[in-house]
Amino acid sequence: MNTIYQPAIHFHNIDYEIDGHKILQQITGSFPTGYITTLVGPSGAGKTTLLKLCNGLISPTAGEIYINDKPINTIDPVLLRRHVGIALQSAPMIKGTVYTNLSLPKKLQGISLSREEAISFLEDVGLDQSFLDQDAMDLSGGQRQRVSIARTLVNKSDILLLDEITSALDQNSVKEVENLIVKINKKYNVTIIWITHNLEQAIHIGHYTWVMMDGRVIETGESTFLKLPTKELVRQFVQGGLA
Amino acid sequence: MSFTTLSLTLLFVFIPLILSKTLHLGLEKDTIIATLRSIIQLLAVGYILKFIFESDSLLYILLMIVLMVVAATLNARKKGANIKGITWKVAITLITVEIIVQSILLGFEIVPATAQYIIPISGMAIGNSMVLAILFLNRFQGELDSHKDETELILSLGGTPKQAIHHQLITAIKASMIPTIESQKTIGLVQLPGMMSGQIIAGADPVQAVQFQLMVLFMLLTSAAVSSSILGFLSYPTLFNDRMQMLKEKF
């Protein structure tokens, strides 16, 4: 990475373990402000754990995380999570309608989301207003993911963490969501960190990419390095991944 | 009733013993142990109560209530083993219920301030509160397990632990109170309550027995509501750390 950038999130020697099992080891690096960084790697590499650390849902066992140069543990957890939004892979829905789910981030702050605003967020993710009063439990996997993305957008976070948000979508919908995320990134200068299993997507959408394996960062750089990886481990992963 | 007459009621124990033996239920040993324990425990309590009633000492009344609270706490805490400080949380709950109940009953002179009234009423309030605590803890743990994703979602969106756990807490509180409310709807229609039946058998005026029973029923409603609410609001903060993160071992 030759460009000089301001880190939105910086990791310094991060370890994370559960019951003595090391999930992340010696993670050091930064996600640059205003760019899209894609995270790729096999299942169990620690990608989701890394995102949850950024949102403060968990804390590292060792090391320091900085959000806009501030140590993460000095930031109020509620403010941190509004500032660093996350769309979880499982796209969980709370009981109620799509509107109930979309208005949840505002409700947690004691304010309401107008139906017009809710419709606008729905349209951003390619769903029309007829979904607004539908029971969230009746949505298909793809629809749930879209509503989950829309719900994350409601907080208008400066940093967005996206955990495989297009995995349950059809090809057309994937394109729509990709375009939306690129638009949000460009228009509002939102920093995006996006976990994906789709390497073409990682190259196409990401400005930068991290390759993770077994809880370690193997290689980072401008996403195009995935086309011609220099490290043997990354080459093996890319060949397997593209197959 | 004399002890000779009472011994005749052991026929009610022989019938299940014979049935258990004939049908190979394998419950003979448990039936005998249960019978012996109930005889020893109740007779012991009977003699202790007789002693306390005759002495009418405030110290003995308090000791008896403490004993009830300790026994109920030790029983109920088993269901909340993963909640930090569950023992004192249950104890605070039971003591609060006891204080509220006795403050109203004695404060408004609804019952005389004597051991004969204070101890049985305390037993009913604390016992009911213990059952409610067990029901609440059981349901609350179930709700936590089945709504883990929802809890994490609300935290991830900037919600507080209280907001993240609100639905599970309210569901568990409601669920633990429902049996008390439902049983009161059919009371008198399906069965006569034990205390009322006891008073009638002992020769009390049925209307007065009903009045006392209603007093107990109303008291049990308070006991149910207060127990599950206090225990719920004391318990949920221990499920999170000071960074508002779900403690892994609790979910």
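All chains are named by letter (A, B, ...) in the order of the sequence lines, taking the proteins before the strands, and each is independently numbered beginning at 1.
- Within a 6.0 Å sphere centred on CD of B:E109, heavy atoms belonging to other residues, nucleotides or ligands number 12 at most.
- Annotation: residues 120-146 of chain B contacts chain A through no residue [non-hydrogen atoms, separation under 4.5 Å].
- For the pair B:V97 and B:S227, the tightest heavy-atom approach, listed with the atom from each and the gap, is CG2-OG, 3.4 Å.
- Among residues two or more places apart in sequence or in another chain, the side-chain contact (heavy atoms from CB on, under 4.5 Å) test is passed with A:S103 by A:Y99, A:L113.
- Of the possible donor and acceptor atoms, none in the side chain of A:E178 sits under 3.5 Å from a partner among the backbone N and O of A:I205.
- Remark: the A:D214 side chain and the A:Q25 side chain contain no N/O donor-acceptor pair separated by less than 3.5 Å.
- Side-chain atoms of A:T48 and A:E164 form no donor-acceptor pair, as typed in the model, at a separation below 3.5 Å.
- For B:T87, the side-chain contact (heavy atoms from CB on, under 4.5 Å) partners at least two apart in sequence or on another chain are B:T73, B:R77.
- Only the side chain of A:L88 comes within contact range of chain B, with at least one heavy atom under 4.5 Å from a heavy atom of that chain.
- Here the side chain of B:S235 pairs a donor or acceptor atom with the backbone of B:L231 at under 3.5 angstrom.
- Options A:I94, A:D76, A:T152 differ in how many heavy-atom pairs under 4.5 Å they form with chain B, and the most are formed by A:I94.
- Inspection of non-hydrogen atoms places B:D149, B:E150, B:E152, B:L153, B:I154, B:L155, B:S156, B:L157, B:G158, B:G159, B:T160, B:Q163 of residues 148-177 of chain B under 4.5 Å from chain A.
- Chain B forms more heavy-atom pairs under 4.5 Å with one residue of A:G56, A:G85, A:S148, A:S157 than with any other, namely A:G56.
- In terms of non-hydrogen atom pairs under 4.5 Å with chain B, the most contact-rich of A:M93, A:K107, A:R81, A:R82 is A:R81.
- Within the 4.5 angstrom heavy-atom criterion, atoms from both the backbone and the side chain of A:S59 approach chain B.
- Side-chain N or O atoms of A:D15 include one that pairs as donor or acceptor with a backbone N or O of A:Q26 at under 3.5 Å.
- For the pair A:T74 and A:P71, the tightest heavy-atom approach, listed with the atom from each and the gap, is OG1-O, 2.6 Å.
- A ring-centre distance under 6.0 Å is found for A:F11 and A:F31.
- Proximity of a side-chain donor or acceptor of B:S20 to a complementary backbone N or O of B:L27 within less than 3.5 Å is detected.
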